[in-house]
Structure formats: C-alpha cells, structure tokens
2 protein chains.
Amino acid sequence: MVSKTCEYAIRAMLFVAQKSKSKTKVGVKQIAKAIDSPEPFIAKILQDLGKKGLVLSAKGPTGGFYLDNAGLKKSLADIVNAIDGDKLFTGCGLGLKSCSAKMPCPVHDEFVVVRKQIKAMMQNAKLGDYNTSLELGEKYLKR
Amino acid sequence: MVSKTCEYAIRAMLFVAQKSKSKTKVGVKQIAKAIDSPEPFIAKILQDLGKKGLVLSAKGPTGGFYLDNAGLKKSLADIVNAIDGDKLFTGCGLGLKSCSAKMPCPVHDEFVVVRKQIKAMMQNAKLGDYNTSLELGEKYLKR
DNA sequence: AAAGTAGAAGAGTTTAAACTCTTTTATTAC
DNA sequence: GTAATAAAAGAGTTTAAACTCTTCTACTTT
C-alpha cells in the first residue's frame, strides 16, 4: 500500500506528535527505539520531512524533532504524499500511464471508488489524533 | 497497491480471458504485445500462474495460454493472492508484524475498513467480466 | 519421423528501494 | 570560548524486485 520508508515515517511522526503535546523534543535515537527502526534510516527520513516542512527540528543539546500546533494538524495523507507522492491516490490500479475516465483500464471505475476512500481516510487521520490512545497504551508503534 | 509483477499478471489474464471466450489460445508473444509488457517477463509470470492452477497452457504449434469456464470465474483477488500473497488484504498499514485487534497500530481500525473494501472489490471482479467491454474497445490493457 | 512452434526451467543481470557510514555544521550548556 | 550534543548532508552498500537470456522439453503439423 505505502512504501516501507513511508511506514517508518508515519510511525515516527506519530511518536513525535505524541511527545510534542507536552512540548518535548525527541532525538533520533529515542525515536528509533520507540518505533523499532534503523536509527540512521529514520534520521534520513526525518531530515527529508523537515525539508518539506512537515516536522521542525533543533540542533544541539536539548535539541531534537518536534511539531507545532499546525504540524499536529497535518494528516497521514500529507506524509504519504511527501514520501511516496500521489501515486496511491491517483495512479492506475493496473499500472497504466494513460488510464483515465476517457481511456480507462478494465478496473478503473472500481479503483476510483476505493482510492477515494483511502484518500478520505488518510486525510481525515491527523497526526495529533492519536496522542491520547498512545499515551494510554491502547495503540502501539512497534512489534 | 499491488506489485508491478501483479499488474502485468492481471492485465495478461484479462487478455487471455477475452480470447478464451472464443476458445482461442494465445502465445506469449501475442500477450506481450497486447498488454505492452516485456515478453520473457510475462512468460515467467504466466508459468507461475500455470503452476498455481490459475491458467491453462498447451505446448507446440497452435498452443498457448487459455482459460476454461472455471478459470473465467476466478477473481482479481485470486491473482493478487497468487502473486503478492495476502499482505494487501490482511497486513498492517504501518508494517507492524503483530498488529491486530488486541494490539492495534494507531490506524488499525481505519485500515481494516478500507482493506475489507479492497478485498470485496477484488473478489467481486471476475476475469470473465470484462470480455465484452474489452471487445468493444471501451476498456484498455495498455498505455 | 522431421521440423518447427511454443511453453518450462534455471541462471543471470539491472535497477531502485532500503539501509549504513562518515563528515560537517549548528546550538547549547558550562 | 570550549566541549558536548544533535541534526544535516553526502556518499556508499545491501537486498530484493524487476527484467533478460539461454537451454531444454513437449507437442503438433506435415
């Protein structure tokens, strides 16, 4: 559905979101541990997301990654778009370049419906929405 | 959503299905041309599908791949399952191994809904269902 | 039976995603 | 201002998916 890179990105961002609620910045090491991912790899991903304005960071001691209130309102769709592009939301289900309403692949209509639902679901899911359930230990970011 | 291999597989099978309606067997060369895919690669894929009982084949002159009536009733879900496995239908949206109702990732519930829809859509889409629209040139398998 | 066609099988190459390592630069605490 | 800390940046490696090539085997037509 989404790339592995994107999966790591979402999990990392959900963790950063959780910590940002209490104004805490988190380092790469802490994030990697929390989501069980290769440390240098998640560093790369977060740098990329930082460049694209989806996460804030501070260097030096007490530094780390964090989100402001605007950042907490970003959606999963924003992350997916930043990492994987909009292929998931708009691409053809059978990989055809020119697939469209005018020149549809056999399953075009069916896929349009499903893709719309995926997009809506991901646009509706905001990074800040999961803080409480993560805090309560009802939801997990690793294993 | 599905692997490129799987996209080729579905397109090839839809083409074979179309030709099988008129009891015609089609060779790899013809299939590759019809769906615009690398010929040796689609050969591999079809061999694999043949081994798994999803397509029939005959060697020698006038040979090729074809489907019987049972084969025409196979669904896209069957193809996806044979090539990509059931990851798309049952895997975790964030890549967690142990994600389940008991130990859910943050987006578990949302993904369960969407996956169910994808599965239903693909189970409902049978290989033989598209013969007429392909014949009429309303739907396309390449470009 | 011979010739030609077509799939089967296995090994091999290419490419892109996934992941790692090293060096640099910025910031803060002391 | 110095030392420690943490992210930024770039280059490099590994792995798996995507794709290719060659040889073999089976079948059908003449």
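For clarity, every value in this text was computed on a predicted model and none was experimentally measured. Chain identifiers are assigned alphabetically (A, B, ...) following the order of the sequence lines, protein sequences preceding nucleic acid strands; residue numbering begins at 1 within each chain.
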Report task. May I ask whether B/Ile10 and B/Met121 are part of the same hydrophobic cluster, defined by side-chain heavy atoms of I, L, V, M, F, W, Y residues being less than 4.5 angstrom apart, directly or through others? Result ->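 Same cluster.
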
Query raised in the report: Between the side-chain atoms of B/Gln47 and the base atoms of C/dA8, is any donor-acceptor pair under 3.5 Å?
Result: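 Indeed there is one.
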
Can you tell me how far apart [atom1] ([X]) and [atom2] ([Y]) are? Round to the nearest 0.5 Å.
| X | Y | atom1 | atom2 | answer |
| --- | --- | --- | --- | --- |
| B/Cys105 | A/Lys139 | SG | NZ | 8.0 Å |
| A/Glu39 | A/Ile31 | CD | CD1 | 10.0 Å |
| A/Glu7 | A/Asp84 | CD | CG | 9.0 Å |
| A/Leu127 | A/Lys21 | CG | NZ | 11.0 Å |

Take the protein atom [atom1] of [X] and the nucleotide atom [atom2] of [N], then report the distance between them rounded to whole Å.
| X | N | atom1 | atom2 | value |
| --- | --- | --- | --- | --- |
| B/Lys59 | C/dG4 | NZ | C1' | 15 Å |
| A/Lys52 | D/dA8 | NZ | P | 14 Å |
| B/Phe41 | D/dA17 | CZ | P | 11 Å |
| B/Ile42 | D/dT20 | CD1 | P | 12 Å |
| B/Lys4 | D/dA17 | NZ | C1' | 10 Å |
| A/Ile45 | C/dT20 | CD1 | C1' | 13 Å |
| A/Leu49 | D/dA9 | CG | C1' | 16 Å |
| A/Phe65 | C/dT27 | CZ | P | 14 Å |

Requested in this report: Check whether any side-chain heavy atom of B/Phe15 lies under 4.5 Å from a side-chain heavy atom of B/Val26, and answer yes or no.
Outcome: yes

Requested in this report: Ignoring the backbone of A/Thr62, work out which of C/dT28, D/dA18, D/dA8 is nearest its side chain.
Outcome: C/dT28

Query - Among D/dA9, C/dT5, C/dA8, the nucleotide that comes nearest once only the side chain of B/Ser57 is considered - result: C/dA8

Query raised in the report: By a strict heavy-atom criterion of less than 4.0 Å, which residues belonging to residues 19-40 of chain A are in contact with DNA chain C?
Result: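 Only A/Pro38, A/Pro40 qualify.
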
Query raised in the report: Does B/Thr5 put a side-chain nitrogen or oxygen below 4.0 Å from OP1 or OP2 of D/dA17?
Result: no

Query raised in the report: Does A/Lys52 NZ have over 12 foreign heavy atoms under 6.0 Å away?
Result: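 Yes, enclosed.
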
Query raised in the report: In this structure, which one of A/Val16, A/Leu56, A/Leu54 forms a side-chain contact (heavy atoms from CB on, under 4.5 Å) with A/Leu49?
Result: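 Testing A/Leu49 for a side-chain contact (heavy atoms from CB on, under 4.5 Å) against A/Val16, A/Leu56, A/Leu54 leaves exactly one candidate, A/Leu54.
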
Query raised in the report: Between B/Ile118 and B/Phe89, what is the shortest heavy-atom contact and its length?
Result: CG2-CE2, 4.3 Å

Report task. Using a 4.0 Å heavy-atom cut-off across all strands, classify B/Ala43 as base, sugar-phosphate, or nothing. Result ->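 Since no nucleic acid heavy atom lies under 4.0 Å of B/Ala43, the category is nothing.
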
Query raised in the report: Mapping B/Gly50 and A/Tyr8 onto DNA chain C by nearest heavy atom, which one lands closer to the 5' end?
Result: B/Gly50

**Report entry** Nucleotide-resolved protein contact map, nucleotides 10-15 of chain C, B/S/- at heavy-atom distance under 4.0 Å
**Finding:** BB----

